[in-house]
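For reference, the structure is listed below as structure tokens.
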Amino acid sequence: MLTGSIKKVCCIGAGYVGGPSMAVFADNCKNIQFTVVDINKDRISAWNDDDFKKLPIFEPGLDQIIARTRGKNLFFSTEIKKSISEADMIFLSVNTPIKISGLGAGKASDLKFIEASARLVAEEARGFTIVVEKSTLPVKTAETIKSILFSSQTIKNDIQIDRKFSVLSNPEFLAEGTAINDLENPDRVLIGGDDDDSIEALSSIYENWIQKDKIIKTNLWSSELSKLAANAFLAQRISSINSMSAFCEVTGANINEVSNAIGTDSRIGSKFLSSGPGFGGSCFKKDILNLVYLCSFYGLDEVSNYWEQVILLNDWQQKRISHLIIQNLFGTLAEKKIGILGFSFKANTNDTRQSPAIKICKDLLEEGAELSIYDPKVSMETINLELTNTSISQDESKFSNEKITVCESIDEVAVNADAIVLITDWPLFKNINWDTISKLMRKPSWVFDTRNCIDDVQCLKANINVWKLGVGILR
Ligand code: UDX
Ligand code: ADP
């Protein structure tokens with residue numbers, strides 16, 4: 001295949017990865033047509049909505065790019081077969097959640113969506129098609145995709161079908177909330193494969209806006225493993241700083257000062273050293289669990305145990321925050337109202353997958369608390385589903401909506417609240433007027449700041465008790 005010969009691209013999966021990625025591709029490659037397809041009709045309708053506030057995902061800057069490209073060289077469609085059959089290149093961007101039953105349950109990735117997409121591609125593709133893994137996948141998934149594609153029938157109803165495939169791995173490193181910048185100015189682009197022409201074809205697309213020396217080319221397995229390893233290293237940093245946050249609280253050290261002091265060592269670096277309520281999001285936990293599962297499968301028990309500890313520390317961090325809240329509120333939350341600020345797993349996204357807010361809220365509900373929750377971008381429906389519906393949260397849920405009020409403002413959260421717990425570091429939470437909030441709360445009032453981002457001096461002046469992660473109770 002000649003470089004520059006890609007004219008039509010299909011992306012299967014219109015989610016947090018597929019949507020923003022194809023939008024940025026389309027914005028930078030005007031002579032290629034990108035079609036993002038999905039089995040979820042509502043999601044596709046939302047991507048096609050004229051009201052950009054109704055796009056299915058919130059990502060700063062995304063609406064402007066969609067406005068520039070949609071209907072020109074970017075399309076969202078449910079015509080999956082048609083789009084596959086016309087495409088020269090197909091990205092697989094479907095979800096790969098953790099398996100909830102069967103072999104590897106709770107650890108291995110569920111590849112049923114990837115497999116279904118690969119089977120459809122095997123059936124519908126025509127001519128030479130480059131299939132690119134975009135979703136985070138366990139190492140060696142390309143093997144599965146290859147075996148499905150390469151065993152596709154080339155003779156159907158006595159008619160010879162011209163069909164050939166090449167498989168590449170091109171993992172996505174975007175972080176939600178900064179996805180557009182991450183896609184426009186990535187630290188690197190990674191392309192793994194064993195067919196040089198296909199690698200060049202994909203590389204030439206990226207070269208429309210990314211410097212050639214930022215494009216790293218490896219074999220398939222190195223590319224797949226590099227994605228898991230990068231996420232594992234990032235998550236490990238968070239568990240490391242979170243372990244220090246607990247240590248700071250008992251020794252009188254301050255986690256911000258410690259982060260700053262160690263981050264100035266150029267060998268360590270200052271990024272990803274903010275302690276918080278534990279990492280959330282769809283990738284970190286899933287990828288490490290995958291690593292743990294695969295290492296143990298290959299008999300590398302010490303390696304497996306090492307990485308599992310990153311997850312255990314993360315779970316512990318969330319548990320210890322809810323315990324601290326309960327302890328400071330005299331050991332019981334019955335008849336108490338707790339305000340929750342932030343429900344998404346991080347600021348600037350409406351994604352709630354694996355959000356620390358879910359576990360913390362469930363612990364507080366378990367203790368009998370009534371919750372009033374405010375998040376600037378997460379819908380009431382999603383919050384209620386995450387806390388009460390088993391199909392989303394994937395564990396047994398026994399909580400009813402009666403104990404949960406989803407609010408429209410910070411003030412509404414504060415009315416008669418005994419405590420406010422700040423879980424997501426949305427910028428607007430940094431400028432709260434604690435004088436006003438204090439007047440709305442029940443006394444004694446508490447604020448538990450799990451992100452170290454409130455104005456604690458003003459909070460204390462307003463006669464509110466303050467607990468800060470990595471510092472403890474302020475006096
Ligand atoms: C991550 C990777 O960063 C990205 O490269 C990969 O493609 C997908 O997974 P994402 O999960 O979207 O991206 O967001 P990220 O910014 O990595 O944050 C993950 C979690 O870690 C969030 O819950 C965040 O609040 C938490 N975090 C991050 C911290 O607690 N402290 C930090 O210093 C950084
Ligand atoms: P990610 O964060 O990896 O993008 P999402 O869950 O946001 O994950 O998006 C994945 C999308 O893939 C969903 O919208 C889902 O409906 C879609 N999807 C899953 N399986 C298929 C399939 N076989 N064909 C088309 N779309 C699919």
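In each ligand, atom 1 is the first atom listed, and ligand 1 is the first ligand listed. What you see is a predicted model, and the numbers here were worked out from it, not measured in a lab. Just the heavy atoms: all of them, side chains too, but no hydrogens, waters or symmetry mates, feed the values below.
- Listed by number with element, the atoms of ligand 2 under 4.0 Å from a non-hydrogen atom of Asn95 are 6 (O), 8 (O), 10 (C), 11 (C), 12 (O), 15 (C), 17 (C), 18 (N), 19 (C).
- To the nearest 0.5 angstrom, Ile215 atom CD1 is 3.5 Å from Ser203 atom OG.
- Scanning the protein heavy atoms around atom 18 (N) of ligand 2, the nearest turns out to be Val94 CG1, 3.7 Å.
- Between Ile340 and Leu364 there is a side-chain heavy-atom pair separated by less than 4.5 Å.
- Scanning the protein heavy atoms around atom 24 (N) of ligand 2, the nearest turns out to be Ile12 CG2, 3.5 Å.
- In terms of polar-atom proximity, defined here as any N/O pair under 3.5 Å, Val17 does make such a contact with ligand 2.
- When Leu174, Asn314, Asn348, Asn242 are checked for heavy-atom proximity to atom 4 (C) of ligand 1, Leu174 turns out nearest.
- Under a 4.0 angstrom heavy-atom cut-off, Ser135 registers as lying outside contact with ligand 2.
- Looking at atom 26 (N) of ligand 2, its nearest protein heavy atom turns out to be Ile39 N, 3.4 Å.
- If you check which protein heavy atom lies closest to atom 19 (C) of ligand 1, you get Phe284 CE1, 3.5 Å.
- Distances between N or O atoms of Glu172 and those of ligand 1 include at least one value under 3.5 Å.
- Residue nearest to atom 11 (O) of ligand 1, selected from Phe345, Tyr16, Phe173: Phe345 (by heavy-atom distance).
- Protein heavy atom in closest approach to atom 12 (O) of ligand 1: Glu176 N, 2.7 Å.
- Side-chain polar atoms of Asp375 and Trp426 form a donor-acceptor pair below 3.5 angstrom.
- Judged by distance alone, the side chains of Tyr306 and Gln236 do bring a donor and an acceptor atom under 3.5 Å apart.
- Within the 3.5 Å criterion, the main-chain N or O of Ala142 finds a donor-acceptor partner in the side chain of Glu224.
- Remark: ligand 2 and Tyr16 share an N or O pair separated by less than 3.5 Å (distance only, no angle test).
- No donor-acceptor contact under 3.5 angstrom links the side chains of Ser245 and Ser275, judged on distance only.
- When only interatomic distances are considered, the shortest N/O to N/O separation between Gly281 and ligand 1 does not fall below 3.5 Å.
- The shortest N or O to N or O distance between Arg353 and ligand 2 is under 3.5 Å.
- Closest to atom 17 (O) of ligand 1 among all protein heavy atoms lies Phe272 CZ, 3.1 Å.
- Under a 3.5 Å cut-off, the side chain of Glu59 and the backbone N or O of Thr178 do form a donor-acceptor pair.
- In this structure, the protein non-hydrogen atom closest to atom 23 (N) of ligand 2 is Ser117 OG, 3.7 Å.
- At the shortest separation from atom 15 (P) of ligand 1 among protein heavy atoms lies Lys346 NZ, 3.7 Å.
- Residue Arg43 holds the heavy atom nearest to atom 13 (C) of ligand 2 of all those in Lys41, Glu115, Lys134, Arg43.
- For atom 31 (N) of ligand 1, the closest non-hydrogen atom on the protein side is Ser274 O, 2.7 Å.
- In terms of protein heavy atoms, atom 11 (C) of ligand 2 is closest to Asp38 OD2, 3.5 Å.
- Taking the six-membered ring where the residue is Trp, Phe448 and Trp446 present parallel rings, their angle staying beneath 30° rather than reaching 60°.
- Between Trp47 and Phe75, the distance separating the two ring centers is not shorter than 6.0 angstrom.
- Ser355 and Thr352 are not linked by any side-chain donor-acceptor pair at a separation below 3.5 angstrom, with hydrogens and angles left out of the test.
- The shortest contact between atom 28 (C) of ligand 1 and any protein heavy atom is with Ile238 CD1, 3.5 Å.
- Side-chain atoms of Ser135 come within 3.5 Å of backbone atoms of Val94 as a donor-acceptor pair (strictly under, hydrogens ignored).
- Both tests hold for Arg188 against Phe173: distance to the six-membered ring centre under 6.0 Å, angle to the ring axis within 45°.
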